[in-house]
Amino acid sequence: MKRIGMLTSGGDCQALNAAMRGVVKSLINSEEEVEIYGFLNGYKGLIYGDFKMLTGRDFAGILTVGGTILGSSRTPFKTIKDPDENGLDKVEAMKQNYYKLRLDCLVILGGNGTHKTANLLREEGLNVITLPKTIDNDLYGTDMTFGFQSAVDIATECIDCIHTTAASHSRVFIVEVMGHKVGYLTLNAGMAGGADIILIPEIPYDIDKVVEAIKQREERGSRFTIIAVAEGAISKEDAKLSKKEYAKKLEKMPHPSVSYEVAAAIQERTGQEVRVTVPGHTQRGGSPCPYDRVFASRLGAEAGKLILEGEYGFMVGYRNREIVKVPLEDVAGKLKMLDPKATIIQEAKMLGISFGD
Ligand code: F6P
């Protein structure tokens, strides 16, 4: 008999349900008897003992369903060791609930923050297996996270839609793409959507170079320019600031996000009409794309295998086209960023895409 606790933490994404279904299906199709405890709303459910017992039926019909049947929340790692407002020791509470239910293992689905807490629980002696989710694809130790490809599809569709209106009006259009502090999503959606300029955090931009690229397009007879801007894009000037100084600057920024700042600067320098589109959380919504359905199901099945073999303390990741188990201590606390020298960046530049550098 295996008693499994499961939770989804952090920002949701597509294929969380597909991944959990993969875990559960692989377990119930084995010889082993299983009991599944679903903790609700991320680590909160584990802290406060808020869970429901689930059966295989709860996981039927959810392969294509976005979001998470368990609910999610952000429980910042920064404050996980601080007592809650009633003085409760959150880490101790999670351990107690784990032991009370006599769990063999926790299956935790999440991104960067989630992995820090998962690794802490491992250090505290709990059996943990994690699955890599996030539309940002910024999780260390895996080449790919589920949710990413689905988000690329949505952001690309947004850029596709902008194309026709941009062409009709001879305007500059900015599409702001999610991705937190990394540019994977923006780069991929930007290239897929045929963006002319792509601004990502890993390559700080010079606004004069951005303007130059727009003017060059005009000179060549192009009626419009489409710019994909990562929500974490940063100017060369700002990249020189310390984290603290930059945070202070952002607080005082008159614009809601970097895209609007870039838009204002372009408008001022070129006199061109600039419009900003922010698809925002739509990028995390809806049904997972077929790639993510397959990918998350595979990761889930491999997690099931680890549980059956009693191998704990790993994230099930993907490296060099193979599903691999990665020790949690190698994942937690590290960010996977795009290498500005990566061949994909060189190729994008060869296609004429400007990174404003
Ligand atoms: O990590 C996923 C993500 O969607 C990021 O791309 C984005 O910066 C962040 O979450 C938004 O967080 P929230 O949903 O809490 O606003």
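Each ligand, and each atom within it, is numbered from 1 in the order the structure gives. Please read these numbers as outputs of a predicted model, since none were measured by experiment.
- Distances from atom 15 (O) of ligand 1 to the heavy atoms of R74, M178, R284 show the closest one on R74.
- One hydrophobic cluster holds both L139 and L7 under the rule that ILVMFWY side chains link at heavy-atom gaps under 4.5 Å.
- Close approach to E231 involves these atoms of ligand 1, each under 4.0 Å from a residue heavy atom: 5 (C), 6 (O), 7 (C), 8 (O).
- In I135, the part holding a heavy atom less than 4.0 Å from any atom of ligand 1 is the side chain.
- Within the 4.0 Å heavy-atom shell around ligand 1 one does not find G111.
- Summarising the local packing, NZ of K181 is surrounded by 12 or fewer heavy atoms from other residues, nucleotides or ligands at distances under 6.0 Å.
- Each of I154, D292, L185, D12 was evaluated against I135; a single residue qualifies, L185, per the side chain to side chain contact (heavy atoms under 4.5 Å, CB included) test.
- Those atoms of ligand 1 with a heavy atom of G179 less than 4.0 angstrom away are 6 (O).
- Proximity annotation for atom 5 (C) of ligand 1: of D136, D138, N137, T145, D136 comes nearest, heavy atoms only.
- Each of D196, I266, V175 was checked for a side chain to side chain contact (heavy atoms under 4.5 Å, CB included) with I227, and the lone residue meeting it is I266.
- Taking only non-hydrogen atoms, the option from K181, H180, K133, H281 nearest to atom 14 (O) of ligand 1 is H281.
- The proximity of Q283 to ligand 1, defined as any non-hydrogen pair under 4.0 Å, does not occur for either the backbone or the side chain.
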Given E35 and R3, is the salt bridge (Lys or Arg N to Asp or Glu O under 4.0 Å) satisfied, shown in steps? CA-CA 5 Å; E35 266 181 10; R3 299 162 74 94; 3.0 Å; yes
Apply salt bridge (Lys or Arg N to Asp or Glu O under 4.0 Å) to residues D208 and K236 and explain how you reach the verdict. CA-CA 11 Å; D208 292 330; K236 282 196 169 155; over 6 Å; no
